[in-house]
Structures are given as structure tokens and as C-alpha cells.
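Throughout, a chain's letter reflects where its sequence line sits, starting with A, and its residues are numbered from 1.
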Amino acid sequence: MKPIALTTPLFYVNGLPHIGSAYPTIAADALARFYRLMGHPTLLVTGTDEHGQKIQRTAEQQNLPPQEHCDRVVKEFQHLWNLLDIRFDRFIRTTDPRHTVITREFFQRVYAKGDIYLDRQQGWYCVACEEFKEERELLPDHHCPIHPTLPCEWRDEANYFFRLSRYQEAIATFHHDHPNFIQPEPRRNEVLQFINQGLRDFSISRINLSWGIPLPIDPQHTLYVWFDALLGYLTALLDPDAEPTLVNALTHWYPFHVHIIGKDILRFHAVYWIAMLLSADLPLPEGVFGHGLLTKDGIKMGKTLGNVIDPFDLVSRYGSDAVRYYFLKEIEFGKDGDFSEERFIAILNADLANTFGNLLNRSLGMVSKYCQQRVPTPQPTDLDPILQPVQNLATLLGDRTRQHYQNLNFRAASEIILDLVRDCNKLIDETTPWKRFKTGQQTEVDAILYTLLESVRLAAYLLSPVVPNLSREIYRQLGLNLQESTWQHQNWGVLAPNTILLAPPLSSNVLNYLSLGNDFLSTNTHFTENWLL
RNA sequence: GGCAGCAUAGCUCAGUCGGUUAGAGCGACGGUCUCAUAAUCCGUAGGUCCCCAGUUCAAGUCUGGGUGCUGCUACCA
């Protein structure tokens, strides 16, 4: 099967990981888990971008060497990914010595192509932003619009430039020939417009910057931003013990299936990155997905406002499945979304506890009471006209879900899975197995319960990329093992009759076996009540 | 300013090629059942489909105009 390599952004280690870092990483993990279910060899790449003046300054403020600062922040990232059950295969750091080697080799290739040249960078420079500003965007007296109290400095310095302009035609042609490269589709126009207005070369080095990779051809200069950060994707592909060469990096996994990034850096991936790869004569990735940004209670998050969502806090109180589910199911990936704790709790209670958890609980309870805790043997009954539609829906579900996952439409995937679960709850009320059991209609009871168990299994299976722990526990409860490369589990009838199921919960506390974590039980009354009572 | 997109129930959103009384989930309210969790299931309320005009037998859907909001408009990531 085709290898699939996916990337999250490489996060800037200027501060602790925030929800904006967690969001694309959760999505990338879900997608990776999905491809693993299908049986694709899958590589999930994440990591950190650790160079630059901002990092250097942040470290200085804490009286730490930059590397020490980076090490600390990286630990926090990796800790959070563990808490969120992010199963990454590679964690690349741009301070990795191998990255320097890869970057130098890549640079030499581009340099040999004649795409690097020395020129002057002139303009108004905002020290706080660390960037040159366009004359027209400045406030009166050349004050920076983002830092209105600070005047910008006129700078005239030598920088190395990359000949982006040379690839104008090639990039336009590429995007014309690959209309699905940029996702979601509305973002594509923005990038095309940007290309059509004419591409200008961009500088790739800074002088007076020590925390970074020196330019191979001029060690006075340090590589700046994109020629460092983006190349981290390539370094990440090196097998752990492989010699750091481009050839080795590109052997197994290249090219990337999709880069998952925020819409704010889409251009750099859809234009700069493409040009860099073209210049280096490397194959291009298959896609870039620019996800939306998050607000909290409808308000843009920011440190100054103090209304940030702390992912550590969230996951410690509600568990990883809950956090993953909310951000993947309730927000359309690709569109901006909002987090409100009220809604978060409402959705979890409604979908996971009341709809899905309850179906599982009542189905298992009936199997325990009516079928000696074994998977019943389904036989044709007069109930088939009622059971068939549910089975038909379930049978189609794998294929429909696959399409949504492949389009990174986690919301739609989750929604259609929930549709099946809702139908099952309805089916129970329509067929009243408890009455049939009392009147000795065992064949009918068996047929109903088999339909329910298989549907629950299928829902758990297909939702497992989103809520891996929940699904694993449900599978375990059904006497099965949730594993990779098991796409045949999308079929109807995987659950073998007579399989002995695990003992049902002693109480009606579904959490006993869903094990979503215990901390939030004591910290959130509403959520707790609905699960426990 | 230029270009692009969006506007449907209190909230988040579906709505195919123009086709019957405009849908779902959540939230609210009422009822029902007892396998299950103050759950489930059923029902009710809630819509000028942003506005105006046009095309058409027929417009949430197509066309034009208007209003509002959002995004992009180059080297912070």
C-alpha cells in the first residue's frame, strides 16, 4: 500500500504550546490513525522551529542559553502530545545537528542552480516585529501599525535572496494542473491571486543573528525562517540512524501526502515551499490543507486579552478523547471555529455520553440479561424490514466515512457515524427487546441485539481516529482488539456469534469501562452528572 | 481602494440539476417507555432562507443591484 507521510506545522518554541498548536496536531493524528486503519504505512511528522532572534531574546529574558530554553519548551510540547494521544512517528527539531546538514545540502543545490544571490534589503524595519514593513502600511512618522508607540528604523543591509520570481510560471502551471493541491478550495483563490500579482524574491538570511544556521557560502549570514523551518519537513524523514543526506531523507516517505497548517501560513507552503522544491529538483507534495483559526466564546484569543484556552488544563479536566472529539466534530476543519466550555460540555454529553455511551450501555445490558453475555446468532426474522435499513446504513458507512476522512472532513465523518448510533437508539425503542424476551421471542431478540452490537462496533471502529481510547475500550468490551491495518472491520458481521463479552459494568456508570479519565469527574458537575446518573 | 467568499431556526450547520407543506443536531418546553445514564424515544414551539428587483409555470437555489460580515492584498511564525 502507498506510504502516507503527513505533517503538522513545525511549531515556534517562543512559548508554551497552546490550543492553536494542539488543533492541527489532533487533526493530523486523526488522519494518520485513519490511514493506519486502512493499512497504509503511515508517518506522522511533527516538531519545532527553534531558531531566530525571538527565541534568542526569550531565552535571554529567562537567563537561559537558547538551546536550554528550546529543550524546556520542547518537553512541554511532547508532554502535551502524549496527553492528547498524538501518535507521532517523528519529532523534528530545527536545532537537530542533522537538520543543519540537510539544510546545507539543500541550500547548496539551490545555490548551484543560481537561485541565491546577494542583494541589499532596504526599508523600514520594526524591531519588535522583526520584519520590514511596506511604506504604505505604516502609520505617520513611520510607526509600526502593530506597535504604534515604536518608530520603525530605516535599514539598509546586505541579505541573500531566493529567486522566487524565477518560478512564477512554474508555480502557476503547477497549481493549474493540480486544482486540488490547496485545500479547502476557497483558500486556493487567495493563493492564485497572490501568484498572479507577481512574485518577488524574498530574503533568506539575516546578518546580526547568531541563533541559527550559518549560510554555507557566507557564515556571516544566518539562514532565516523558511530556508530553515520548512526544510525541517525533509530532515524529519531521515530514519533515526540514517546518514543525514537528502537522498536518505527522500528514500522511504517522500513526497508528502499533505501538509496540515494554519491558513495563516498557507502561502508559504503553497508558493515558497513549492518554489524551493522546484529549485532543488525535488518532487512536490500532494497537498496542503490550511485549517481555520479558533476563537474562544466568539472572541479572538490573545495573551493580552488573557482569554487563551490552555490545552493542558482542558485535557486534564476532560481527557483526551473529549478534547479531540470537540475540536474535530464540532468545528469544521478548514473553517474558523469557536470554543466555549458550555458548548463543549453540551456536545460531549449529547454525543458521547447520551447518544453513544448510552447505546453501548443499554445494548450490553440486554446482551447480558437476554443472551447470557454472548454475541447472539442472527437469523432471519419478521423484523428484517426494520433491521435491514440499519444494517444497510452500517454497511455503507465505512466507505462514506473513508471519503470524509480523506477530505479531512472530520466533522462529516463523525456526524454520519452518529447518525447510525441515533438510528440504533431509535431501533431499540421501536422493537422493544425486553417485551419480546418476556414473551419468549428469542430469535427476534437475538436478531435485534446482533444488529445493535455490530453497529456499536462499527461506530467505534470508524470513530477510532477521533476518539482512540473510547474506541479501544468499546472494542475490548466486545471481546475484540482494535488494531491497525484492519480495514476489513468496516464490513458488517465481524463480531462472531457466541463470543463471550466482558462483564457489563457493575453499576450504570459507563465511565467504569469507557475510562475517559477521572479528574474531570470531580471538577465538572454537569458533565459528571450526565455520565454517572 | 482592488480581488474573493459568506449571509437558512436561539446556537452550529445541511439543503444535489430550480420542483410539493424549508431540514438535522444542540438548546427550550411537553409527553412516553423501562433495556439504559434526570438518559432513550415521541411531540411542540421557533424561519421575511439579509433586502430590492428580474428571469421562470415554479427561486433558499439562477441573474442584476444594495446592505452587512469575513478573508487575501509579500519576507512575525
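Listed by first then second residue, pairs satisfying salt bridge (charged side-chain N to carboxylate O under 4.0 Å, His left out) with a partner in residues 343-357 of chain A read A/K329-A/D351, A/E330-A/R343, not counting sequence neighbours.
Annotation: salt bridge (charged side-chain N to carboxylate O under 4.0 Å, His left out) contacts of A/R93 (sequence neighbours excluded): A/E50, A/D71. Every residue was checked against the side-chain hydrogen bond (donor to acceptor under 3.5 Å, both in side chains) condition with A/T25, not counting sequence neighbours, and none meets it. Annotation: ring-ring contact (aromatic ring centres under 6.0 Å, His included) contacts of A/F333 (sequence neighbours excluded): A/Y23, A/F289, A/H291, A/F410. Under the side-chain contact (heavy atoms from CB on, under 4.5 Å) criterion, A/N180 pairs with A/Q183, sequence neighbours left out. Residues satisfying the salt bridge (charged side-chain N to carboxylate O under 4.0 Å, His left out) test with A/K369, not counting sequence neighbours, are none. Evaluation of the salt bridge (charged side-chain N to carboxylate O under 4.0 Å, His left out) rule for A/E190 yields A/R187 as partners, not counting sequence neighbours. When the side-chain hydrogen bond (donor to acceptor under 3.5 Å, both in side chains) test is applied to A/T443, no partner is found at least two apart in sequence or on another chain.
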RNA chain B in dot-bracket form (Watson-Crick or G-U pairs under 3.5 Å, [ ] crossing, | inter-strand) is (((((((..((((.....[...)))).((((.........)))).....(((((..]....))))))))))))....

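The distance from atom CD of A/Q197 to atom P of B/A4 is 14 Å, rounded to the nearest whole Å. Atoms CH2 (A/W434) and P (B/C41) sit 11 Å apart, rounded to a whole Å. Summarising the geometry, the separation between CZ on A/R267 and P on B/G71 is reported as 15 Å, rounded to the nearest angstrom. With rounding to whole Å, A/H51 atom NE2 is found 18 Å from B/C76 atom P.
At a threshold of 4.0 Å, the pair A/K426-A/D429 does not count as salt-bridged, since none of the basic side-chain nitrogens sits closer than that to a carboxylate oxygen.
Where A/Y272 and A/I265 meet RNA chain B, the nucleotide closest to each residue was compared, and A/Y272 sits on the side nearer the 5' end.
Nearest to the side-chain atoms of A/F194 among the listed nucleotides B/C41, B/A36, B/U73 stands B/U73. Side-chain atoms of A/R362 lie closest to B/C35 of the nucleotides B/C35, B/U12, B/C76. Looking at the side chain of A/W226, the nearest of the listed nucleotides B/A14, B/C75, B/A36 is B/C75. With distances taken from any side-chain atom of A/Y224 to the nucleotides B/C76, B/C13, B/C41, the minimum falls on B/C76. Closest to the side chain of A/N358, out of B/A4, B/C76, B/A36, is B/A36.
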Distances for protein N/O vs nucleotides 25-32 of chain B N/O pairs under 3.5 angstrom?
none

Check nucleotides 67-70 of chain B for protein N or O atoms closer than 3.5 Å to its own N or O atoms and list the pairs.
none

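Pairing each heavy atom of A/H99 with each of A/G232, the nearest pair is CE1-N, 3.2 Å.
One finds a side-chain N or O of A/K426 lying less than 4.0 angstrom from the OP1 or OP2 phosphate oxygen of B/C42.
No engagement by A/I204 is indicated, since no non-hydrogen atom pair under 4.0 Å with the nucleic acid exists. Among the heavy atoms of the strands lying under 4.0 Å from A/D264 is at least one base atom, whether or not backbone atoms are also near.
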Pair up each side-chain donor or acceptor in residues 267-278 of chain A with any protein partner under 3.5 Å, not counting sequence neighbours, and list the distances.
residue	atom	partner	partner atom	Å
A/H269	ND1	A/I265	O	3.1
A/H269	NE2	A/Y233	OH	2.8
A/W273	NE1	A/H259	NE2	3.1

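The distance between the ring centers of A/Y326 and A/F339 falls below 6.0 angstrom.
Rounded to the nearest Å, the gap between the P atom of B/G60 and that of B/A22 is 9 Å.
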